[in-house]
Every structure is written in C-alpha cells, then in structure tokens.
Amino acid sequence: MVLHALFFPGRAGGNEFGRDVAATLRKIYFWASGETGPRDGRTPNPFGMVSRAAGLLDALPDPGTLPRWLSSADFDALVSAFTVSGFRGGLNYYRNLDRNWTLQAAFNGMLVQVPALYLVGEHDPGLAMPGMRDIIDAMPKLVPDLRDSLVIPSAGHWLQQEAPDQVNAALIEFLRGL
C-alpha cells in the first residue's frame, strides 16, 4: 500500500483521473460527502490508503448518482473545467507536501493569534486520518482565540456545499461575536 495515488504523477494526474472525468468527480464528490453516512473501516475513502496496483478510483464504487447537494449543472461545469485543465495543478499541492513543510518551517511553534472558528462535517473522511482527532483536540493550545469548534451533523468534506445554511449561521454568529 502507498500513502496515496496522488503522489504518482503518471496515475492520478493523467491516466487514472483523466480516463473518465465525470466518473472520477462523481466518485470523489460522493465518497467524500456526508451521504456515505457514518464511516467505518469498510467505507470507501478517497483520502485513504491506496493500492499501488489498483489506484484510487478502483476502490471507490461509482454511486451512479450525484450527491443531493450537487446540481447537474454545477457538476457539468466541473466536468467541463477538469476536462480542459486536467487534475495536475490541484494534485501538485499534495505531491509537494514535504516541500511545503520545509517552506513553512519558519512558522514552527507560532500560534494562530486571531479569532478563529473551526467547522468540520460529522462524516468528513479526513477525520479518519490517523492522528486527526489528536490535532483537533490540541487546537485550543495552537489557536488561543478559538471561539468555537463545531461538528456539522450529516455533512462530509464538502461542508459549504452540503450544509450551507448551518455553515452560514455559524459564520454569522462567529462574526457577530467579534
């Protein structure tokens, strides 16, 4: 197993993701959303470990439908845009994580000193990453002016799209408190 197929430019950047852009986006948007329900070790995770031989998309069944929060028109626009641009630009951020850590070394030990709000979807697959709960629990030490930390029920990774009313309400309450 490898950390993620994203780190192999020949796979996710072109061949695997570009083979069927609509299926790629449908799988990733669905399986990272809250529509998957509670996650367990059997729930497909687009952010999890990936077989070097099979790649990322083979482990994500095609749901055949879009998540309720993603309109056909918006999905078609995404497919069109990614068909033209490909996935390389966005994926390069993840391929460059080690370098990003090096470039950000000057910020090691610094605290976030501005008022902050943390929101996460209850079913976000990122919460399944090893150590993520520890990072969230440590947040008040790293962000001394953390005003609130909210878990949005039934939502996943695409929080703003999946739960816009809850996100907007939380943001407005946060901003009123400043």
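Side chains of Leu159 and Leu119 form a contact here, defined as non-hydrogen atoms less than 4.5 Å apart. Between Leu127 and Val120 the shortest side-chain heavy-atom distance falls below 4.5 Å. No side-chain heavy atom of Lys27 sits less than 4.5 Å from a side-chain heavy atom of Pro46. The closest side-chain heavy-atom distance from Leu78 to Leu70 is below 4.5 Å. Residues Pro115 and Phe174 are in side-chain contact: their nearest non-hydrogen atoms beyond the backbone lie under 4.5 Å apart. Considering only heavy atoms from C-beta on, Phe30 comes within 4.5 Å of Thr36 through its side chain. With a 4.5 Å cut-off on side-chain heavy atoms, Asp165 and Val167 do not count as touching.
Atom CG of Asp62 sits about 10.0 Å away from atom CH2 of Trp31, to the nearest 0.5 Å. Atom OG1 of Thr24 and atom CD of Glu16 lie 7.0 Å apart (nearest 0.5 Å). With values rounded to the nearest 0.5 angstrom, Met129 atom CE is found 7.0 Å from Phe47 atom CZ. Taking CG of Leu111 as the start and CG of Asp145 as the end, the distance is 11.5 Å to the nearest 0.5 Å. If you take CG on Leu178 and CZ on Arg147, they are separated by 5.5 Å, rounding to the nearest 0.5 Å. Rounding to the nearest 0.5 Å gives a distance of 10.0 Å between CZ of Phe17 and CZ of Arg19.
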Query raised in the report: Could you go step by step and tell me if Arg26 and Leu66 meet the side-chain contact (heavy atoms from CB on, under 4.5 Å) rule?
Result: CA-CA 6 Å; Arg26 193 170 43 251; Leu66 297 177; 4.1 Å; yes

Requested in this report: Go through the steps for Leu25 and Phe87 under the test side-chain contact (heavy atoms from CB on, under 4.5 Å), then give the verdict.
Outcome: CA-CA 11 Å; Leu25 293 174; Phe87 293 88; 3.9 Å; yes

**Report entry** Stepwise side-chain hydrogen bond (donor to acceptor under 3.5 Å, both in side chains) test for Asn96 and Asn100
**Finding:** CA-CA 6 Å; Asn96 198 43; Asn100 292 343; 3.0 Å; yes

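Remark: the backbone N or O of Ile152 is not paired with any side-chain donor or acceptor of Gln166 at under 3.5 angstrom. Side chain of Asp20 to main chain of Ala23: a donor-acceptor pair is present (N/O by atom type, distance under 3.5 Å, no hydrogens or angles). A donor-acceptor pair under 3.5 Å is absent between the side-chain atoms of Ser80 and the main chain of Asp76, judged by distance alone.
Take Tyr29 and apply the ring-ring contact (aromatic ring centres under 6.0 Å, His included) test, not counting sequence neighbours, and it matches Trp158.
Sorted by first and then second residue, the side chain to side chain donor-acceptor pair (under 3.5 Å) pairs with a member in residues 123-143 read Asp124-His157; sequence neighbours excluded.
Annotation for Asp40: atom CG counts as buried by contact number, over 12 foreign heavy atoms lying within 6.0 Å. No more than 12 heavy atoms of other residues, nucleotides or ligands lie within 6.0 Å of CG in Asn108, so this atom counts as exposed by the packing criterion.
For Pro44 against Leu60, the heavy-atom pair with the smallest separation is CB-CD2, 3.7 Å. In terms of heavy atoms, Glu162 sits closest to Glu35 at OE1-N, 4.4 Å. Counting all heavy atoms, side chain and backbone alike, Asn45 lies closest to Ala128 at ND2-CB, 4.0 Å.
Taking hydrophobic clusters as Ile, Leu, Val, Met, Phe, Trp and Tyr residues chained together by side-chain heavy-atom distances below 4.5 Å, Val151 shares a cluster with Leu146. Linking Ile, Leu, Val, Met, Phe, Trp and Tyr residues whenever their side-chain heavy atoms come within less than 4.5 Å leaves Leu150 and Met139 in two separate clusters. Transitive grouping of hydrophobic side chains (ILVMFWY, heavy atoms separated by less than 4.5 Å) brings Val143 and Val114 into a common cluster. A single hydrophobic cluster is seen to contain both Tyr118 and Leu142, as judged by linkage of ILVMFWY side chains at heavy-atom distances under 4.5 Å, directly or through other members.
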